[in-house]
Novice: 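Below is one structure. I have some questions about it.
So you know, we letter chains A, B, ... as the sequences are listed, proteins then strands, and number each from 1.
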2 protein chains.
Amino acid sequence: MSTTRDEIIRLAEELVLAKGFNWLSYSDISQKLGIKNAAIHYHFPTKEDLGLAIIERDRTMIAELMASWEQQHTDAIDIISELFGVYSSILQGCQVCLIGSLGTDMLTLPDAMQAELKKLVNLILIWLKKQLEKGRANGTAVFEGSSTTHAMVLLTNMVAGIQIARLHNNTKEFHTLTTHALNSLRPKDATSFPSSSTSKSIRTKKL
Amino acid sequence: MSTTRDEIIRLAEELVLAKGFNWLSYSDISQKLGIKNAAIHYHFPTKEDLGLAIIERDRTMIAELMASWEQQHTDAIDIISELFGVYSSILQGCQVCLIGSLGTDMLTLPDAMQAELKKLVNLILIWLKKQLEKGRANGTAVFEGSSTTHAMVLLTNMVAGIQIARLHNNTKEFHTLTTHALNSLRPKDATSFPSSSTSKSIRTKKL
DNA sequence: TCTATTTTACTTTTTAGTAAGTAAGTTATT
DNA sequence: AATAACTTACTTACTAAAAAGTAAAATAGA
């Protein structure tokens, strides 16, 4: 139906990822979209409404991607690598992820937005945990400690990795970090459990 | 000398860590300090001046702490653990670290602030790298890959770990994460490879 | 026509920043 | 020692711009 509504959310998210929710203004959006300020208020009476829509959109999109990745891959590293790829392309656009962006401003956000953000974080954490456990079960991932903790490790690598790499204006830094994270998950011996897919050798680009 | 100036920086940093630089306002500070808005402008003509003072203060304090830790410890894990402790106490105050806070808003910051922030990040990264290398040399730390990459791993654990743990209002989550990070650095008892993944030596309860 | 969508024109609040003034203290000159 | 000149550390009282939000009128599509 209303393409304006979708355009508003899309652009608003873009701006939030680039500059943060508190910097985002209705004027920013309306100018770039060639509409009036009040048109945004028609679709999203308050900024909170807009914020909620952004998080929900993000969650929906990520959930869809995750589901499709699970169908395409059996190797845990391949699956997790897809998520890293999403983060990598966000970084290409000189943005950070929604979790990092809103996480910083958390205390200034309305309760409903905080709750939505938690849901997004948990979606990713639980999904990562699941992939790690599946990988451990089918021999495509090796790690020490609990899957919950390791999921946190991977998430923090992404969330802060993207922030620091953007600061350094160095996408390679992020790539090195995620490659390292994946490599430490990789089963070391060639004599490990036979899996459906032959895992690639350790591809250490450059350190 | 001027205690007002120091109080302004101190409180401003507190507010930045809690709510972000763009949310911070002169009124916030002046009200809480019982002074007038213009008094802050006297010490810091522009918000950029204030922002720079905050980062510089942070960098000075961290650098001093780091130097003292290096004198107190020889074990790499003990030294790095001290830095984790600083982050842990920031989390106790329901704050995030300056890197995460300003990192998110990076594109909205004046160039000089971006440059100062980079210096802060590099100070920590280089220090971590140094401790890792010393640890590897004196046998108190074991890790795969380059020290540069591993320093990034530790930093991202801290920066995003504090953000996510605050979101979950769960300091234990941060503690578990950092404990895991330290444990994976710990040299395994000389008896080479344990064949089962259920070997002891992973302590997840207390530092 | 009826309804969804958008604009015009506005309000209120808050923002960073400024100009002018002042009281108290410091320094320099005699 | 006395006083004039100057500095420090503020306050009072403002400005201009931008923020989110609103009410009502106009427009467009079914």
Novice: What is the distance from CG of A:L33 to P of C:dT7, rounded to the nearest Å?
Specialist: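 Rounded to whole Å, this separation is 10 Å.
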Novice: Using the six-membered ring wherever Trp is involved, compare the ring planes of A:F174 and A:Y87 and label them parallel, tilted or perpendicular (cut-offs 30° and 60°).
Specialist: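 Answer is parallel, since the angle falls under 30°.
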Novice: Once you round it to whole Å, what is the distance between P of C:dG17 and CD of B:E48?
Specialist: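 For the pair B:E48 CD and C:dG17 P, the rounded distance is 9 Å.
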Novice: When A:V121 is tested against each of A:L102, A:L155, A:I126, A:L98 for side chain to side chain contact (heavy atoms under 4.5 Å, CB included), which residue passes?
Specialist: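 So the option named by the test is A:L155.
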Novice: With a cut-off of less than 4.0 Å, is there a side-chain N or O of A:H41 near OP1 or OP2 of C:dT6?
Specialist: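 No, A:H41 has no side-chain N/O under 4.0 Å of OP1/OP2 on C:dT6.
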Novice: Scan residues 110-117 of chain A against DNA chain C and write down, sorted by residue number, each residue with any heavy atom closer than 4.0 Å; if none is found, say none.
Specialist: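 Contacts with DNA chain C under 4.0 Å: none.
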Novice: Taking the side chain of B:A39 as its heavy atoms from C-beta onward, which of D:dT11, D:dA9, C:dT6 lies nearest to it?
Specialist: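 Shortest atom-to-atom distance from the side chain points to D:dT11.
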Novice: Does CD belonging to B:E56 count more than 12 external heavy atoms closer than 6.0 Å?
Specialist: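 Enclosed: over 12 neighbouring heavy atoms sit under 6.0 Å from CD of B:E56.
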Novice: For C:dA16 and B:T46 - does any side-chain N or O of the residue sit under 4.0 Å from the phosphate oxygens OP1/OP2?
Specialist: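 False: B:T46 side-chain N/O out of range (4.0 Å or more) of C:dA16 OP1/OP2.
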Novice: Figure out the OH/P separation between A:Y26 and C:dA9, and round it to whole Å.
Specialist: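 For the pair A:Y26 OH and C:dA9 P, the rounded distance is 22 Å.
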Novice: To the nearest 0.5 Å, how far apart are CD in A:E64 and CE in A:M61?
Specialist: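 Rounded to the nearest 0.5 Å, the CD-CE separation comes to 8.0 Å.
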Novice: Rounded to whole angstrom units, what separation is found between the CG atom of A:L50 and the P atom of D:dG21?
Specialist: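 It is 10 Å, rounded to the nearest whole Å.
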Novice: Is the count of non-hydrogen atoms from other residues, nucleotides or ligands lying under 6.0 Å from A:Q72 atom CD greater than 12?
Specialist: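 Atom CD in A:Q72 is packed in, count exceeds 12.
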Novice: For the OG1 atom of A:T156 and the CD1 atom of A:I99, what is their distance to the nearest 0.5 Å?
Specialist: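 Taking OG1 in A:T156 and CD1 in A:I99, the distance rounds to 11.0 Å.
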Novice: How many Å lie between CH2 on A:W23 and P on D:dA18, as a whole number?
Specialist: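 Rounding to the nearest Å, CH2 of A:W23 and P of D:dA18 are 12 Å apart.
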Novice: Calculate the interatomic distance between A:N37 atom CG and D:dA20 atom C1'; express it in whole Å.
Specialist: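 Checked: the CG to C1' distance equals 8 Å.
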Novice: Find which nucleotide of DNA chain D each of A:A38 and A:S27 is nearest to by heavy atoms, and output the residue with the more 5' nucleotide.
Specialist: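 Looking at DNA chain D, the more 5' nearest nucleotide goes with A:S27.
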Novice: Rounded to whole Å, please give me the gap between CG in A:L24 and C1' in D:dA18.
Specialist: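 After rounding, the reported distance stands at 14 Å.
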Novice: Quick one: A:I40 CD1 to C:dT7 P, roughly how many Å, whole number?
Specialist: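 It works out to 10 Å between those atoms.
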Novice: Of the nucleotides C:dG17, D:dT11, C:dT7, which one has an atom closest to the side chain of B:K47?
Specialist: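 My answer, after comparing the listed nucleotides, is C:dG17.
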Novice: For A:S25 and D:dA18, is the shortest distance between a side-chain N/O and OP1 or OP2 below 4.0 Å?
Specialist: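 The answer is no; no side-chain N or O of A:S25 sits under 4.0 Å from OP1 or OP2.
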Novice: Within 45° of the axis and under 6.0 Å from the centre of the six-membered ring of A:Y26, does NZ or CZ of A:K36 qualify?
Specialist: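 No, A:K36 does not lie over the aromatic ring of A:Y26.
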